[in-house]
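From a predicted model like this one, the values you see are computed outputs, not experimental measurements. The residues of the chain are indexed from 1 along the displayed sequence.
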Amino acid sequence: MVDYAHDADEKPLRRSYRSASEVAQRKIERARARSEEEWVQYAKDLCYRQLGMMERSVAQLRQSMERNLVPAHIVQSTLEAFIEADLVNDKRFAMMFVRSKFAEKTISRRGLHQELSRRGISPELARRALEQIDDEDERQAALEFARRKIRTMRTEEQHVAKRRLYSALARRGFCADHINHALSQALETLEIDI
């Protein structure tokens with residue numbers, strides 16, 4: 001029979017708090033202790049973990065390895081191997097990113113272009129990926145967002161609701177024409193519902 005009372009008097013082990021500088025110092029110490037072969041394996045494992053969660057761009061993988069202090073020559077050779085094996089492909093990443101983000105999140109082509117740029121995608125690849133979305137798709141997305149958002153503003157005065165809605169659409173990168181069209185349609189819907 002197990003004697004649980006015996007262990008009850010002992011304090012549970014607590015992890016000690018480490019400051020950011022202590023964490024950084026430990027990271028540097030572990031980096032110094034790694035051999036060349038360990039670095040190669042570590043870089044591969046890091047990339048596989050990143051890609052296991054979701055598709056990544058070359059720049060994102062590079063940044064991840066650099067943050068983890070992987071030596072530059074190993075970063076380069078690892079990326080070359082992953083590109084050659086077609087595990088990393090910026091064109092495929094850009095196409096998938098645009099399709100999924102536009103479907104799940106109300107955002108304009110301009111907003112998507114900025115997000116692709118932050119992820120290290122070249123302007124040419126971003127332009128080609130954004131060709132999947134035409135002007136009418138973007139206009140419709142702005143309208144759907146405006147109609148959803150306007151429902152939460154029923155208690156607001158019309159000029160306040162209009163200003164807030166305009167700002168919300170502008171933050172998502174929509175052009176003035178799309179915003180004005182969405183506003184007029186959404187306000188019409190609101191008046192019909194009242």
Side-chain angles (χ1 to χ4, degrees), residues 20 46-68 75 78-79 82-194:
L46 186 62
C47 288
Y48 282 128
R49 277 196 312 273
Q50 293 285 310
L51 292 170
M53 290 182 271
M54 62 187 269
E55 187 84 23
R56 306 280 180 171
S57 68
V58 172
Q60 287 176 307
L61 290 176
R62 180 183 309 281
Q63 289 169 355
S64 178
M65 286 189 279
E66 288 171 353
R67 265 193 319 271
N68 285 285
V75 168
T78 303
L79 288 174
F82 274 68
I83 291 168
E84 187 176 313
D86 200 31
L87 294 171
V88 180
N89 182 320
D90 278 353
K91 181 181 178 185
R92 183 179 63 223
F93 170 80
M95 299 297 272
M96 180 273 318
F97 184 85
V98 166
R99 277 193 309 270
S100 66
K101 285 294 182 186
F102 190 74
E104 74 183 35
K105 181 179 170 186
T106 304
I107 190 167
S108 67
R109 287 178 288 190
R110 186 172 62 190
L112 285 168
H113 190 277
Q114 290 170 347
E115 287 196 29
L116 286 170
S117 179
R118 278 195 298 271
R119 286 165 174 77
I121 300 300
S122 72
E124 177 60 25
L125 282 179
R127 185 189 59 75
R128 279 194 253 151
L130 290 168
E131 288 173 353
Q132 299 174 88
I133 303 168
D134 64 13
D135 200 50
E136 189 53 38
D137 292 334
E138 196 169 8
R139 180 184 295 271
Q140 191 62 35
L143 178 58
E144 288 173 14
F145 176 79
R147 285 181 174 157
R148 276 193 324 265
K149 190 79 171 165
I150 200 79
R151 288 185 197 121
T152 66
M153 299 180 182
R154 290 174 189 243
T155 59
E156 303 290 336
E157 292 181 32
Q158 187 171 354
H159 72 279
V160 172
K162 192 173 182 178
R163 185 186 73 232
R164 288 183 179 170
L165 190 53
Y166 192 98
S167 297
L169 287 163
R171 280 191 302 273
R172 285 163 177 74
F174 290 101
C175 70
D177 288 342
H178 292 162
I179 293 173
N180 289 327
H181 172 74
L183 277 174
S184 66
Q185 295 293 315
L187 290 172
E188 252 179 52
T189 304
L190 186 62
E191 288 170 8
I192 291 168
D193 289 347
I194 292 176

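In this structure the side chain of E144 never reaches within 4.5 angstrom of the side chain of T106, judged on heavy atoms. Side-chain contact between L112 and F97 is present, with at least one heavy-atom pair separated by less than 4.5 Å. Using a 4.5 Å heavy-atom cutoff, the side chains of Y48 and L87 are in contact. In this structure, the side chains of V88 and L79 stay at 4.5 Å or more apart for every pair of heavy atoms.
Of all heavy-atom pairs between V160 and E156, the closest is CG1-OE1, 3.5 Å. Across all their heavy atoms, I107 and K101 have their closest contact at CG2-O, 4.1 Å. Shown here for A126 and I121, the closest heavy-atom pair between the two residues is N-CG2, 3.8 Å. Residues A59 and G120 share a closest heavy-atom pair of CB-CA, 3.6 Å.
Judged purely by atom type and a 3.5 angstrom limit, Q132 uses its side chain to pair as donor or acceptor with the backbone of M95. Of the possible donor and acceptor atoms, none in the side chain of R154 sits under 3.5 Å from a partner among the backbone N and O of I150. Put simply, the side chain of S117 never gets that close to the backbone of H113: no donor and acceptor are under 3.5 Å apart. Without hydrogens or angle criteria, D90 side chain to S122 main chain gives no donor-acceptor distance under 3.5 Å. Side chain of Q140 to backbone of D137: no donor-acceptor contact under 3.5 angstrom is found. At distances below 3.5 Å, not a single donor-acceptor pair connects side-chain atoms of S64 with backbone N or O atoms of Q60. Between the side chain of S108 and the backbone N or O of R172 there is at least one donor-acceptor pair closer than 3.5 Å. At least one donor-acceptor pair under 3.5 Å links the side chain of R92 to the backbone N or O of D86. Between the side chain of Q185 and the main chain of A182, no donor-acceptor pair closer than 3.5 Å is present.
Residues in residues 112-134 take part in these salt bridge (Lys or Arg N to Asp or Glu O under 4.0 Å) pairs, two or more places apart or across chains: K105-E115, E115-R119, E124-R127, E124-R128, R127-E131.
You'll find the ring centres of F174 and Y166 outside the 6.0 Å limit.
Applying the side chain to side chain donor-acceptor pair (under 3.5 Å) criterion to R110, with sequence neighbours excluded, gives no partner residue. Remark: M54 pairs with R56 by the side chain to side chain contact (heavy atoms under 4.5 Å, CB included) rule, at least two apart or across chains.
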Could you give me the CA-CA distance, side-chain angles and deciding distance for L61 and Q50, then say whether side-chain contact (heavy atoms from CB on, under 4.5 Å) is met?
CA-CA 7 Å; L61 290 176; Q50 293 285 310; 3.6 Å; yes

Worked verdict on F93 versus V58 for side-chain contact (heavy atoms from CB on, under 4.5 Å)
CA-CA 9 Å; F93 170 80; V58 172; over 6 Å; no

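Here the NZ atom belonging to K162 is positioned 12.5 Å from the OG atom belonging to S167, to the nearest 0.5 angstrom. Considering CD of E136 and CG of L143, their distance stands at 9.5 Å, rounded to 0.5 Å.
In summary, R109 and D135 engage in a salt bridge, as defined by a charged side-chain N under 4.0 Å from a carboxylate O.
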